[in-house]
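Residues: numbered from 1 along the sequence shown.
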Amino acid sequence: MAGIETVLPRWVEDIGASVGVLPTIESRMQFVITLARTNVERHTGGPFGAAVFESGTGRLIGIGINLVEASNYSMAHAEMIAIATAQRAIGHYDLGRGSRACELVTSVEPCVMCLGAIVWSGIRRLICGARGEDACRIGFDEGPKPDDWVGQLQDRRIEVIRDVLGDQARAVLDLYAKGGGHIYNPERS
């Protein structure tokens, strides 16, 4: 069975190949917002982008975009894809292992599923653009996240930084909504 990263569109690989080190959290966030915006503009998925970087150096390790509809795989959120591609790249499931502590940069705060994946992946720092409520505002369901999810991550020694280039990240959500992007929550009875 092929790895999940094989479903990434070619343009993602092309963008990733041109990135080496992004030295600041703002430059890293700009990169994932570009992924999210390009995903919307090319109609290859939802308005979410994420990437895993080596914390100390800013070296790109894994890339993810939302591919739920394109793959017919409900877990193909940008964060999940970024974590999977990073784990494949380093050859280990623990992204916090040794001196290579990793961070996840995501254009929108994680949903409940991605929040769990962050904990189990070994990520040591989470950097977010737009808030979860921004995704909910356009119709996405973030799931039953604990009210104090930031504190719970911090209790697990995962640093959380929020609202990095938040206006730009929200603009991608708005672009998706204004363009009639499909909100693909499962139907509820």
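Distance alone, capped at 3.5 Å, places no donor-acceptor pair between the T106 side chain and the E109 backbone. In this structure, N39 contributes its side chain and G46 its backbone to a donor-acceptor pair below 3.5 Å. Side chain of R28 to backbone of L22: a donor-acceptor contact under 3.5 angstrom is found.
Clustering ILVMFWY residues whenever any of their side-chain heavy atoms sit less than 4.5 angstrom apart, transitively, puts Y176 in the very cluster that holds V172. V68 and V112 sit in two unconnected hydrophobic clusters of ILVMFWY residues. Membership requires side-chain heavy atoms under 4.5 Å apart, directly or through other members. Note on V150 and M113: separate hydrophobic clusters, where clusters join Ile, Leu, Val, Met, Phe, Trp and Tyr whose side-chain heavy atoms are under 4.5 Å apart, directly or indirectly.
A side-chain donor-acceptor contact under 3.5 Å links H182 and E69. For the residue pair T57 / E54, a side-chain donor-acceptor distance below 3.5 Å is found, with atom types taken as modelled.
Between L35 and A50, the shortest heavy-atom distance links the atoms CD1-O, 3.8 Å. Across every non-hydrogen atom of G62 and T85, the tightest pair is CA-OG1, 3.3 Å. The two residues S121 and I83 make their nearest non-hydrogen contact at CB-CG2, 3.8 Å.
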Exercise. Step by step, work out the salt bridge (Lys or Arg N to Asp or Glu O under 4.0 Å) result for D167 and R170.
Key: CA-CA 5 Å; D167 289 339; R170 279 186 289 283; 2.6 Å; yes

Self-check item: side chain to side chain contact (heavy atoms under 4.5 Å, CB included) between H92 and Q87, intermediate numbers included
Solution: CA-CA 5 Å; H92 203 274; Q87 289 168 331; over 6 Å; no

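Annotation for R137: atom CZ counts as buried by contact number, over 12 foreign heavy atoms lying within 6.0 Å. Around atom CG of D148, more than 12 heavy atoms belonging to other residues, nucleotides or ligands sit under 6.0 Å away.
When the options I127, V105, L104, V21 are evaluated for a side chain to side chain contact (heavy atoms under 4.5 Å, CB included) with F53, the one that passes is V105.
In summary, E159 and R124 do not engage in a salt bridge, as defined by a charged side-chain N under 4.0 Å from a carboxylate O.
Side-chain contact check for F48 versus F140: some heavy-atom pair is nearer than 4.5 Å.
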